[in-house]
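First up is the structure itself, then whatever we jot down about it.
Computed from heavy atoms alone, side chains included, the values below leave out hydrogens, waters and symmetry copies. Per chain, numbering begins at 1; letters A, B, ... match sequence-line order.
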Amino acid sequence: MPELPEVENIAQSLRDEIIGLKIKDVCVRRPNIIRGAYMRQWRKAADKLINRAITAVTRRGKRLIIFTDSDLAILVQFGMTGKFLLGTNSVPLDKHTHFYINFMFDRQLRLVDPRRFGRVWFMEHPGQSNLDQTMLNAGMSKLGLEPFGVTARQFRQLLDSKRVIKTILLDQTRIAGLGNIYVDESLFRAGLHPGGIAADIEPAQAEKLRRAVVSVLKSAIIHGGTTFSDFRNAYGEMGRFRRRLKVYQRQGSPCPRCKTPIERMVIAGRGSHFCPECQPKK
DNA sequence: ATTTCATCCTGGAGGC
DNA sequence: TGCCTCCAGGATGAAA
């Protein structure tokens with residue numbers, strides 16, 4: 001499930017591999033993954049992209065944006081199981097490849113996504129790698145704060161709510177990039193129960209949580225993200241952060257801090273993992 | 001306006 | 001062994 005660290009890793013590897021490459025063809029094998037203005041006319045977008053070159057690859061929240069020297073950018077949301085794989089066009093396509101770009105030198109970038117929650121947008125963009133304008137023009141939900149730039153004050157405002165803390169951290173329109181794994185890990189590091197009410201969190205605890213979010217994400221980026229089953233970077237490699245997880249999917253195992261067995265329960269509609277001792281209910 | 005809820009999907013796990 | 005059912009998980013759009 002690509003969250004911010006996984007998407008950042010994908011972006012970094014794509015930057016090394018496809019910037020400057022000229023597009024030979026773009027093909028959508030499952031049209032219903034396309035959203036936005038080109039939803040029912042992806043071929044039109046493809047025609048605009050042919051013979052254009054990749055100029056930049058960026059990330060915003062969990063979204064990946066590939067800029068070109070045409071007026072179209074390609075925006076990808078990976079959903080649960082989506083991944084980009086780099087290779088050559090001589091390898092046969094499997095049934096889960098729903099979209100691919102052929103480059104010069106027979107290089108090929110494939111979107112492989114068994115569960116098909118991933119989505120692709122072709123979007124007009126006014127300038128090279130102009131993120132804000134791109135987002136404004138897009139027919140898609142607006143994204144919240146980028147975690148690394150959040151100030152202590154902004155974060156406290158984020159928590160000024162009667163909603164469950166986990167719900168807020170997962171809400172992409174408030175803060176963009178966190179998914180189930182990194183929310184659970186951040187809450188553990190901050191010593192907060194995932195089911196607590198956000199507004200009840202003391203300012204000092206809120207600041208601890210903000211720092212936990214940043215450090216968990218940064219650490220996960222450095223370690224190549226987390227692979228449970230599906231995630232791979234563009235080279236097909238697994239993330240190395242899994243063994244550094246302290247609570248996620250570790251129910252029954254001893255808490256790394258106090259040895260109490262980690263518990264799992266459904267909070268905010270998601271499987272939630274926490275130490276009942278280090279993360280007390282109130 | 002804000003928040004909750006069903007829906008989309010398939011591979012893998014577990015039951016029998 | 002094999003068939004069946006159940007379920008995770010993120011984002012969306014409808015409903016409350």
Decide yes or no on side chain to side chain donor-acceptor pair (under 3.5 Å) for A:Asp184 and A:His273, but give the supporting numbers first. CA-CA 6 Å; A:Asp184 280 6; A:His273 316 79; 2.8 Å; yes
Pair A:Asp160 + A:Arg156: basic N to acidic O under 4.0 Å: no
Between [X] ([atom1]) and [N] ([atom2]), how many Å, whole number?
{"X": "A:Leu170", "N": "C:dA11", "atom1": "CG", "atom2": "C1'", "answer": "11 Å"}
{"X": "A:Lys162", "N": "B:dT3", "atom1": "NZ", "atom2": "P", "answer": "9 Å"}
{"X": "A:Ile168", "N": "B:dT2", "atom1": "CD1", "atom2": "P", "answer": "14 Å"}
{"X": "A:Asp94", "N": "B:dT10", "atom1": "CG", "atom2": "P", "answer": "13 Å"}
{"X": "A:Ile34", "N": "C:dT12", "atom1": "CD1", "atom2": "C1'", "answer": "17 Å"}
{"X": "A:His96", "N": "B:dT10", "atom1": "NE2", "atom2": "P", "answer": "8 Å"}
{"X": "A:Gln77", "N": "C:dG13", "atom1": "CD", "atom2": "P", "answer": "11 Å"}
{"X": "A:Leu169", "N": "B:dT3", "atom1": "CG", "atom2": "P", "answer": "15 Å"}

Indicate whether any N or O donor in one side chain lies under 3.5 Å from an N or O acceptor in the other, for A:Ser13 and A:Asp16. no
Mind listing the N/O atom pairs, protein and nucleotides 7-9 of chain C, below 3.5 Å?
from, atom 1, to, atom 2, distance (Å)
C:dA8, N3, A:Arg115, NH1, 3.1
C:dG9, OP1, A:Tyr248, OH, 2.7
C:dG9, OP1, A:Gln249, NE2, 3.4
C:dG9, N2, A:Arg115, NH1, 3.2

Reported CD-to-CG distance for the pair A:Gln157 and A:Leu145, which is rounded to 0.5 angstrom: 9.0 Å
Closest approach of A:Ser161 to A:Ala198 (non-hydrogen atoms, all atoms of both residues): O-CB, 3.6 Å
Measuring from the side chain of A:Lys95 (C-beta onward, heavy atoms only), which nucleotide among B:dC9, C:dT12, B:dG11 has the closest atom? B:dG11
For A:Glu146, all residues meeting salt bridge (charged side-chain N to carboxylate O under 4.0 Å, His left out), sequence neighbours excluded: A:Arg59, A:Arg60
